[in-house]
Amino acid sequence: MKLKQYLLVLPVSTAVLVATPLYASKPLTSGPVTDVVTPTTEKTLSQLIEAALSSDGIRRQYYAQAQAMRETGKATATLVDPKLRFGITGLPTDSFTFDEDPMTNISVGLMQQFNRGETSELTERQATLQANTMAVNVTARELEIINAMTKIWLELGYQQVANQLLVENRILMTELESFIQTNYSIGKSDTQDLINAQLQVAKLDEKIQANQQTQQRLRAQLSEWLGSDWLTNTKQLHASNQLNWRDLQTIEGAITGNSYYSQLKQTPSVQIADASIDVRRTQVALAREAYTPQFGFEVMYAYRQSNNMRGEPASDLVSAYITMDIPLFTGNRQDRNLAAAQYQVGAAQSQKDTLLSQMNAKVNALLVDKNNLTQRLERFESTLLHQADLRVKATERGYQNNTTQFNDVILASRDELALKLEYQRLITDLNLVNNNLSALLNSYGYQVDKPDITLESEHK
C-alpha cells in the first residue's frame with residue numbers, strides 16, 4: 001500500500017542529520033579590503049575574520065593612538081628650548097642717548113632650563129609604557145572581533161542545519177498530505193487525518209520562515225565588521241555549528257587543577273593591567289625626582305657705547321648665572337604626590353589580582369558547562385536519538401496494524417525532529433563555550449599584519 005511506503009519513509013527521513021564539516025582554523029594574514037565586497041557564494045570564517053580585521057576602524061584607532069603616545073613621550077622628554085634675552089639697561093631718560101652714561105648698555109642673553117634628575121628618561125619611559133598599553137588594546141580588539149564573529153558563525157551554522165531538517169520534514173509532510181488528500185477523496189481517509197497533516201505543514205512553514213528571519217538577522221550582524229556592501233553582494237553564506245578547537249585542547253591538556261593563572265597572564269586584558277602597574281611605578285619614580293633640585297643657567301653680554309669716568313671707552317660686560325630651586329618645603333607637595341603615586345600602584349595591583357580571579361572563575365565555570373554539555377551529548381548519542389527512532393518505528397507499525405492513531409505517528413516524528421534539533425543545539429552550545437574559552441585563554445592562534453596608518457599632510 002502506498003501509504004505504508006510514505007510512513008516508512010517519513011520517520012527515517014526525519015531522522016537524517018546532515019553532518020556539518022569541521023572548520024579547520026588557520027593563521028590569518030592581512031589581505032586587501034576589497035575582498036570584503038567581492039560577490040561570493042561561500043567564505044570560510046577565517047576569510048571573513050581576515051577581512052574584518054583588515055578594515056576595522058577601532059583597531060586602526062588604537063594603533064594610531066599608541067604611535068601618537070610614543071611620539072609625545074619623546075617630545076616631552078626633550079629639554080625645553082633655550083630662551084634668548086635682548087634689552088637695554090641704564091638708558092638716561094633726559095636724553096635717551098646710548099653714549100652719555102657709562103651705565104647704559106645693550107644686553108643679549110641666553111637662558112636654558114634643565115629637567116630634574118632623571119625626569120626626562122622617566123617621562124619617556126612612562127609614555128612608552130602607555131603606548132604599549134594602547135598597542136595591547138589592538139590585540140584585545142582583535143580578540144573581541146574574532147569572538148563575536150565566531151559566535152555569529154556558530155549560531156548561523158545551527159540555523160542552517162535546523163533549516164535543512166525543517167525543509168526535509170516539510171517535503172515529506174507535504175507528500176503525505178497529498179496522499180491523504182487522495183485517499184480522502186475516495187473515502188479511505190478521515191477528515192481528522194487530513195486536517196492534522198495540513199496543520200503540520202503550516203506549522204513547518206511558520207518555523208521555516210522564523211528560521212530564515214533569524215539567519216537574515218545574523219548575516220546583518222556580520223555587516224558590523226564586513227560592511228553594508230558585503231551584506232548586499234553576498235548572496236549565500238554556508239556556516240557551520242562545529243569548529244576545530246585543537247589549540248584550546250592543547251592548552252587545557254597542559255594545565256592541571258583549576259588554576260589557569262599562568263595562561264591568563266598572557267591574555268591582553270592582564271597585559272594591559274601589567275602595563276598599568278608599570279606606568280604607576282614610573283609615576284612613583286617621577287614623584288621621587290621632585291626632591292631633586294632643578295638647575296638652569298643664564299649667560300649675558302652687555303655692549304656699552306659711552307666712555308668711563310676717565311674718558312676712556314667703557315669695556316663691555318659679561319654676566320653668567322646658575323639657578324637652582326631648593327625643595328625645602330616638601331610636606332604638602334612632594335611628600336603627598338609621592339604617597340598618591342604609591343597608592344596608585346597598590347590600586348593597580350589590586351585591580352590586576354581581581355581581574356585574574358574573575359577570569360579564572362569564568363574559565364572554570366565554562367569548563368563546568370563544557371563537561372555537562374559533553375555528557376548530555378553522549379546521552380543523546382547513546383540513548384535518546386536511538387529511542388526516538390524506535391518510537392517512530394513502533395507507532396508506524398501500530399498505524400499499519402490499525403492499533404495506533406495517525407496523531408501518534410505525527411507526534412512521534414515531531415518529537416524525533418525536536419530531539420534532532422536539540423542535539424544540534426547542544427553541539428552549537430558546546431562550540432560556543434569553546435569559543436568563549438578561546439577568548440579568555442587567547443588560544444585562537446591567528447596572525448594579522450599591523451594596521452596601515454597614513455599621516456596627514458603638515459600643510460594643506
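If you're wondering where the values come from, they're calculated on a predicted model, not measured in any experiment.
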- N241 and N431: side chain to side chain contact (heavy atoms under 4.5 Å, CB included), yes or no, with the steps? CA-CA 7 Å; N241 65 337; N431 279 266; 5.9 Å; no
- Check whether any side-chain heavy atom of L440 lies under 4.5 Å from a side-chain heavy atom of L366, and answer yes or no. yes
- Side-chain heavy-atom pair V284, Q344 within 4.5 angstrom cut-off: no
- Query: Counting only heavy atoms not in I322, do more than 12 sit closer than 6.0 Å to its CD1 atom?
  - Reply: no
- Could you tell me whether the side chain of N137 reaches within less than 4.5 Å of the side chain of P268, counting heavy atoms only? no
- Q351 atom CD, neighbour heavy-atom count above 12 within 6.0 Å: no
- Message: Looking at K352, I'd like to know if its NZ atom is crowded, meaning that more than 12 non-hydrogen atoms belonging to other residues, nucleotides or ligands lie closer than 6.0 Å.
- Response: yes
- How many angstroms lie between CG in N132 and CE in M69, if you round to the nearest 0.5 Å? 10.5 Å
- Got a sec: does the CD of Q213 have more than 12 other heavy atoms crowding it under 6.0 Å? no
- Message: Check this for me: does any side-chain nitrogen of one of R85 and E298 sit under 4.0 Å from a carboxylate oxygen of the other?
- Response: yes
- Report yes if some heavy atom in the side chain of S269 is under 4.5 Å from a heavy atom in the side chain of M359; otherwise report no. yes
- H238 side, atom NE2; L156 side, atom CG - distance, nearest 0.5 Å: 10.5 Å
- Query: Strictly by modelled atom types, are N115 and S120 linked by a side-chain donor-acceptor pair under 3.5 Å?
  - Reply: yes
- State, with a plain yes or no, whether a side-chain heavy atom of T97 is found less than 4.5 Å away from one of L91. no
- E118 and R125 ion-paired at < 4.0 Å: no
- Would you say the side-chain atoms of R219 and Q216 include a donor-acceptor pair closer than 3.5 Å? no
- Query: How far apart are the C-alpha atoms of E155 and R217, what are their side-chain angles, what is the distance that settles it, and do they pass the salt bridge (charged side-chain N to carboxylate O under 4.0 Å, His left out) test?
  - Reply: CA-CA 11 Å; E155 291 289 354; R217 184 174 66 251; over 6 Å; no
- Task: Flag the pair R425 and D429 as a salt bridge only when some basic side-chain nitrogen lies within less than 4.0 angstrom of an acidic carboxylate oxygen.
- Result: yes
- Message: Taking the cut-offs as 6.0 angstrom to the six-membered ring centre and 45 degrees off its axis, would you call R141 and Y62 a cation-pi pair?
- Response: no
- Query: Regarding Q283 and Q126, is there a side-chain donor-to-acceptor distance under 3.5 Å anywhere?
  - Reply: yes
- Steps toward side chain to side chain contact (heavy atoms under 4.5 Å, CB included) verdict (E252, K370): CA-CA 12 Å; E252 292 177 351; K370 181 176 181 178; 2.9 Å; yes
- Can a donor-acceptor pair be found between the side chains of T89 and N105 at a distance below 3.5 Å? yes
- Query: Taking C-beta and beyond as the side chain, do Y444 and N147 meet within less than 4.5 Å on heavy atoms?
  - Reply: yes
- Item | Distance in Å, I277 CD1 paired with I272 CD1, rounded so as to fall on 0.5 Å steps | 12.5 Å
- Item | Full working for side chain to side chain contact (heavy atoms under 4.5 Å, CB included) between W225 and W230 | CA-CA 10 Å; W225 303 281; W230 172 87; over 6 Å; no
- Task: List the atom of L222, the atom of M149, and the distance in Å for their closest heavy-atom pair.
- Result: CD2-CE, 4.2 Å
- Item | Validation row: L243, N434 side chains within 4.5 angstrom (heavy atoms) | no
- How far apart are the C-alpha atoms of W153 and S240, what are their side-chain angles, what is the distance that settles it, and do they pass the side chain to side chain contact (heavy atoms under 4.5 Å, CB included) test? CA-CA 7 Å; W153 178 270; S240 171; 4.1 Å; yes
- If you measure from the Lys or Arg side-chain nitrogens to the Asp or Glu carboxylate oxygens, is any gap between R59 and E142 under 4.0 Å? yes
- Item | Nearest heavy-atom neighbours spanning L48 and L226 | O-CD2, 3.4 Å
- Item | Salt bridge present between R376 and E422 (N-O < 4.0 angstrom) | yes
- Message: Show, in sequence, the C-alpha distance, side-chain angles and deciding distance for D274 and K265, and conclude whether the salt bridge (charged side-chain N to carboxylate O under 4.0 Å, His left out) test is met.
- Response: CA-CA 9 Å; D274 284 331; K265 289 179 180 179; over 6 Å; no
- Side-chain heavy atoms of S228 within contact of S223, under 4.5 Å: no
- Task: Classify the side-chain pair Y158/N211 by whether it contains a donor and acceptor separated by less than 3.5 Å.
- Result: no
- Any chance the side chains of D205 and Q209 put a donor and an acceptor closer than 3.5 Å? no
- Between R414 and N169, a side-chain donor and acceptor under 3.5 Å: no
- Exceeds 12 heavy-atom contacts within 6.0 angstrom, atom OH of Y291: yes
- Item | K420 and E168: CA distance, side-chain angles, deciding distance, salt bridge (charged side-chain N to carboxylate O under 4.0 Å, His left out) verdict | CA-CA 13 Å; K420 293 292 184 180; E168 290 177 354; over 6 Å; no
- Query: CD of Q200 to CZ of R170: how many Å apart, nearest 0.5 Å?
  - Reply: 12.5 Å
- Between Y301 and D316, a side-chain donor and acceptor under 3.5 Å: yes
- In Å and rounded to the nearest 0.5 Å, what is the OG to CD distance from S438 to Q249? 9.5 Å
- Message: Let me confirm one number: the CG-CG distance from L432 to D369, rounded to the nearest 0.5 Å.
- Response: 11.0 Å
